[in-house]
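Reading through the structure tokens given below for one structure.
Keep in mind the model is a prediction, meaning the values are calculated, not measured.
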Amino acid sequence: MKPVKVAQIGTGHDHASVIYNSLKKNSDCFELVGLAEPIAANRDKIYADAKVYTVEELLAMPDLEAVVIEAGKEHEVKYAQLFADRGLPVHVDKPGSASLSDWIRFVDTMEQKKLPLSLGYMYRFNPIVQKTLELAKAGELGDIFAVEAQMSVRHDKAKREWLAKYKGGALYYIGCHLVDMVCQFMGFPDEILPLSASTGNEGVTSEDYGFALFKYKTGVSFVKTCSSELNGFDRRQLVVTGTKGTMEIRPWEISAPSGIRTEAKLTLLNEKTAHWSDSSEKLATDVFDRYDEMMRHFAAQVRGEADMFSSYEYERRLFETVIKACGAKNCVYGEDK
């Protein structure tokens, strides 16, 4: 198996360094040629061991096989589009853009050129989320009628002030992970009610409390994400409810040496199911790295050994759903938000 020759564009996203490290350590999958940091304000973040290129140098590199875009929210799609035009597979951090129209243009280019596309929605490759998707596809959970997703944290004041750059704030920044989970299990909603707000915590006026309702014929699903929630990380959870079974994933991620692990409860309808007490099966994963499987899957896509996690059309409609959940029409950043 020949490693994919890959470069990373940008260090702007919070998780850019761990993606870079994942590319390095999975050397059986990737040959990491180096890094380009096109955003002048981020050049003090360049990693000490990185071989540094300009974007133009990477675009001209004849044997480059793929790129990973971690340039930051309002910049990502610009650089993703350049490499799509060049004809390279692209992994881009979620949600991929701050503009719906720019995102659709990029995904259209990837589809027209039949290029592998990967998104940094980290929960897609969580082992218990994967198991839940398998159960759902096999009909083991019955007809799924509701998904409840929560992902909160306590950010410092500076981070919560930074969220004001984007319409939807916390929902755009981290709640997009949850919107993806709802749509993976429920499909796309009939109606979206954006309900984000500002807690006013420490005088911050950004929408640091993200909330949206997704209406379906069978009921209502919701996402909730708050950047001012003490112990919010421990309360991150996903509940998938069907007519034959419920999966409750919580804690979604538990810090562990060299990675994280996940715990869950699975309750399936049978003659032994107790309706007034807990009769669930307890599930727990081994320790894993949040990003390794995602990056390894991207390498497999580039080599033609794996399909995209979701279709081009799904990725177009997902971003449209994120934008609507944020209360925006096209852009969440700048004057158009």
Charged N-O contact under 4.0 Å between D292 and K25
yes
Test salt bridge (Lys or Arg N to Asp or Glu O under 4.0 Å) on E76 and K73 and set out the steps.
CA-CA 6 Å; E76 290 164 356; K73 304 297 162 229; 3.7 Å; yes
Test your reading of the model: is there a side-chain donor-acceptor pair from D93 to the backbone of L119, 3.5 Å cut-off?
no
Identify which one of R154, R236, R235 satisfies the salt bridge (Lys or Arg N to Asp or Glu O under 4.0 Å) criterion when paired with E229.
R235
Relative to the ring of H15, is the ring of H13 parallel (under 30°), tilted (30 to 60°) or perpendicular (over 60°)?
perpendicular
Would R316 and E313 pass as an ion pair if we require N to O under 4.0 Å?
yes
Any salt bridge linking E253 with R261? Criterion: basic side-chain nitrogen under 4.0 Å from a carboxylate oxygen.
no
Closest non-hydrogen atom pair, H155 against R160
O-NE, 3.0 Å
Can you tell me if Q81 uses its side chain to pair, donor with acceptor, with the backbone of F106 under 3.5 Å?
yes
Hydrophobic clustering (ILVMFWY, side-chain heavy atoms < 4.5 Å, transitive) - are V68 and I46 grouped together?
yes
Using the ring of Y172 (Phe, Tyr or Trp, six-membered ring only), decide whether K165 places NZ or CZ under 6.0 Å from its centre and within 45 degrees of its axis.
no
Would you say CG of D307 has more than 12 non-hydrogen atoms from neighbouring residues, nucleotides or ligands within 6.0 angstrom?
no
